[in-house]
Amino acid sequence: MEKSRTEDMQPYCRISRDFYIRDVLEVAPGIIGKNLVIVLHDDSVARYRISDVEAYRGYEDKACHASKGKTPRTEVMFREGGHLYVYLIYGMYWMLNIVTGTEDNPQAVLIRGLANISGPGKVTKTLSIDRSYYGEDLVTSSRIWLENAGAAPEYKTSPRIGIDYAGEYWKSRPWRYYI
DNA sequence: TCAGTGATTAGG
DNA sequence: CTAATCACTGAG
């Protein structure tokens with residue numbers, strides 16, 4: 001018998017690889033309401049409920065950084081799901097993304113907001129997430145992971161933010177999910 | 001509405 | 001090497 005889904009859904013249980021290697025359009029809404037757990041510099045553990053995310057889906061999605069092919073920056077998106085894609089934008093803000101899907105199927109979920117923290121730049125500033133988290137594996141890391149946190153909440157969808165360059169079709173995909 | 005701020009990328 | 005671009009934020 002395969003690993004019990006019931007066990008996976010218990011609160012305060014680290015989410016395993018199976019969750020991440022599905023298509024990003026399944027994983028992104030599934031991340032809403034989960035806890036992002038991070039071990040701080042003083043060794044205390046903080047938990048934040050994830051409230052706002054966006055899906056970036058593969059080569060064809062013109063808004064996805066991987067649509068231009070593999071580069072040193074986007075290389076991690078081509079790995080199997082569960083790794084972190086972290087990059088600097090506008091010279092000031094680190095963006096935190098969770099890679100999803102199978103190997104060589106580049107996808108990721110941008111973490112736009114946590115409970116009481118609105119905006120992807122504020123998320124990483126609050127959690128002190130920077131370049132050093134690039135490539136971190138949420139399945140095995142001892143300093144950052146996701147865990148289940150009870151029932152899946154209701155959520156809304158909308159087009160993704162800040163991707164005017166991607167063209168009308170990709171700009172209009174309702175791939176932002178938020179509480 | 002718009003400046004800040006620097007890594008990343010394509011191109012010469 | 002150069003120059004454009006950028007999944008943002010906060011001030012006015």
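Nothing here was measured: the structure is a model prediction, and the numbers come from that model. Here is how names work: the chains are called A, B, and so on, in the same order as the sequence lines, proteins then strands, and each is numbered from 1.
- Counting any heavy atom pair closer than 4.0 Å across all strands shown, R131(A) reaches sugar-phosphate atoms only and no base atom.
- Look at CE on M95(A): it is 20 Å from P on dT5(C), rounded to the nearest Å.
- Mapped onto DNA chain C by nearest heavy atom, G91(A) and K122(A) fall at different nucleotides, with G91(A) at the one closer to the 5' end.
- For dA7(C), neither phosphate oxygen OP1 nor OP2 lies less than 4.0 angstrom from any side-chain nitrogen or oxygen of R112(A).
- Looking only at distances, no side-chain donor or acceptor of T74(A) sits under 3.5 Å from a matching main-chain atom of K70(A).
- Between I161(A) atom CD1 and dA7(C) atom P there is a gap of 13 Å when expressed in whole angstrom units.
- Residue contacts for L110(A): at a heavy-atom cut-off of 4.0 Å it reaches a base atom on one of the strands shown.
- Atom pair Y87(A):OH and dT9(B):C1' shows a separation of 14 Å (rounding to whole Å applied).
- Among dA7(B), dG4(B), dT9(B), the nucleotide with an atom closest to any side-chain atom of L88(A) is dA7(B).
- The interatomic distance linking Y85(A) (OH) with dT8(B) (P) rounds to 9 Å, in whole Å.
- Residue R160(A) places none of its side-chain N or O atoms closer than 4.0 Å to OP1 or OP2 of dC8(C).
- Contact check, Y93(A) against dA7(C): no side-chain N or O comes under 4.0 Å of OP1 or OP2.
- Atom CZ of R176(A) is separated from atom P of dC8(C) by 10 Å (rounded to the nearest Å).
- Nucleotide dG6(B) is matched to dC6(C) when pairs are restricted to Watson-Crick or G-U wobble geometry with both distances under 3.5 angstrom.
- At whole-Å resolution of the value, NE2 in H65(A) and C1' in dA10(B) are 15 Å apart.
- Note: NZ (K70(A)) to P (dA10(B)) measures 14 Å, nearest angstrom.
- A cation-pi arrangement is found for R143(A) relative to Y133(A), the charged atom lying closer than 6.0 Å to the ring centre and inside a 45° cone about the ring normal.
- Using a 4.0 Å cut-off between charged nitrogen and carboxylate oxygen, R112(A) and E54(A) count as a salt-bridge pair.
- Atom CD in E54(A) sits about 6 Å away from atom C1' in dA7(C), given to the nearest Å.
- Contact check on K34(A) versus E147(A) returns no salt bridge, with no Lys/Arg side-chain nitrogen under 4.0 Å from an Asp/Glu carboxylate oxygen.
- Figure legend: cation-pi geometry between R131(A) and Y134(A), with NZ or CZ positioned under 6.0 Å from the six-membered ring centre and within 45° of its axis.
- Stacking of Y90(A) onto the six-membered ring of dG6(B) is not present when judged by under 5.5 angstrom between centres and under 30° between planes.
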